[in-house]
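Within every chain, numbering begins at 1; the chains are lettered A, B, ... in the order of the sequence lines, protein sequences first and strands thereafter. Values reported hereafter were calculated over all heavy atoms of this structure, with side chains retained and with hydrogens, waters and symmetry mates removed.
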Amino acid sequence: MADDASSTSSGKPGEDDRGGGFLSDLFAPVAGFGVSFSTMFRKVATEEYPEKPRPTAPRFHGRHQLNRHPDGLEKCVGCELCAWACPADAILVEGADNDDTPLEQGGKGRFSPGERYGRVYQINYLRCIFCGLCIEACPTRALTMTNFYELADNDRGKLIFTKDQLLAPLQSGMLPPPFPMVDGLEERDYYQGKVTTSTDAQRAYVGARDAAADDESASVHGPGNPGAAVPGEHDVAHAADFTAAQTREGANP
Amino acid sequence: MGLEEKLPSGFLLSTVENLAGYMRKASIWPATFGLACCAIEMMAVGTPDYDIARFGMERFSATPRQADLMIVAGRVSQKMAPVVRQVYDQMPNPKWVISMGVCASSGGMFNNYAIVQGVDHIIPVDIYLPGCPPRPQMLLNAIIELHHQIETSPLGVNREKAARAAEEAALSATPTHQMKGLLA
């Protein structure tokens, strides 16, 4: 290659624009390395993903979120329009009626303003294609998308997100449902922005509700933690991984 | 698999486990196996912008016999299924599988007669990665998850023990057809 370059420049003097003189002829064979060398001083283009991830586009379609009203009541009214809109059948909603019966008479309480609420809400992230049609279908803006995308897991079951995983965290001034609506307001007022935070009456209701629940769990389950309602689910999931590993061993000895 | 399978359990094996896991996780070669649009994102991960070489995956192996990781990128049709299985069988042990994208993981929006409803019907999958298609960062995240899994995977006697425990757990678990409720 080096010989070719020098022979052309010497063979046709004056016509060749590339041949500039002794020095450029001398460095012509290694000029290509100059590109590589100068790249060492350029800024690295690589995104250092796990350490310094670039922010996504502001409207990137990531994981869903079920929003709340400013007092903590859920916005989802259990209408199932998102499930109907979903082209991949990834969403399961099961609505239930809100219950305004007082606590003392065994009322289950109110989760959303209005008539119904989403009792069960599941999104199967192994079906969801993040198209956003569910967001467009939602009449109350209960369902929106976040920019969160780190969803990989080793178990199909764990990628079906349930309502407690999808619900937005409680901000300041919010209370965990169920509890009644703000006194004197109706469902429409929630959407007109007349509710800004939870009221004292709601706080009192939640306090009484939690106290009653504590008493009940103490009398039924004893001092153990109430979170043990789902026994061994995690262990089984992990065990399934090892089964997969074992199948693989047997497949190609 | 090799020498590590013959080692007695205890201090020696646990040390080898840690060392082998550390080595293995940092030297995986993926097989070139793109089936659909997810493969475009998988190729993007190989570009300098995301640079899969940072994770010890210097190149995508063009032959399954030199690959440790199969990234099933895209929908698997019924006609492609035996090919996927054959490519998988040609890979030497130890080997891992990432099911990239919703189509490979569960059939995704293609719930029809032509598409295998999840590549785990034909090969064991280690990491499921949702997204349609997943962005390159999501694939990198799945690879990091897989690294954690490889690093902590047991060997030899411990592996057999874990597999036996897994089998017992699977046998005692409620079968899917007997499950009541919404996740069934």
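- With contacts defined as side-chain heavy-atom distances shorter than 4.5 Å, the pair A:T56/B:R135 qualifies.
- Of the possible polar contacts, one joining the A:R127 side chain to the B:S106 backbone as a donor-acceptor pair under 3.5 Å is found.
- Only the side chain of B:E145 comes within contact range of chain A, judged by heavy atoms closer than 4.5 Å.
- In this structure, B:F110 CZ and A:I129 CD1 are separated by 8.0 Å, a value rounded to the nearest 0.5 Å.
- The local environment of CD in A:E48 is crowded, with over 12 non-hydrogen atoms from other residues, nucleotides or ligands closer than 6.0 Å.
- Rounding to the nearest 0.5 Å places SG of A:C131 at 7.5 Å from CE of B:M109.
- Chosen from A:Y149, A:F60, A:F130, A:Y125, the residue pairing most often with chain B at heavy-atom distances under 4.5 Å is A:Y149.
- B:L140 places none of its side-chain heavy atoms less than 4.5 Å from the side chain of A:P50.
- Stacking of B:R54 on the aromatic ring of A:Y49 is not recorded, the 6.0 Å distance cut-off and the 45° axial limit not both being met.
- Few gaps surround CD on B:Q78; more than 12 heavy atoms of other groups in view lie less than 6.0 Å from it.
- Within a 6.0 Å sphere centred on OH of B:Y22, other residues, nucleotides and ligands contribute 12 heavy atoms or fewer.
- Remark: A:N154 CG to B:I98 CD1 distance equals 11.5 Å, nearest 0.5 Å.
- You'll find the side chain of A:R54 reaches within 4.5 Å of the side chain of B:D49, heavy atoms only.
- Of the atoms belonging to B:I127, heavy atoms from both backbone and side chain fall under 4.5 Å from chain A.
- Scanning all heavy atoms of the two residues, the minimum distance from B:P130 to A:L151 falls at CG-CB, 3.6 Å.
- Shortest non-hydrogen contact noted between B:Q137 and A:E47 is NE2-OE1, 2.9 Å.
- Shortest non-hydrogen contact noted between B:P48 and A:T46 is O-OG1, 2.7 Å.
- When all heavy atoms of A:A152 and B:L129 are compared, the pair lying nearest together is CB-CD1, 4.0 Å.
- The closest side-chain heavy-atom distance from A:L126 to B:Y128 is below 4.5 Å.
- Residue contact with chain B, scored on non-hydrogen atoms closer than 4.5 Å, is absent for A:P53.
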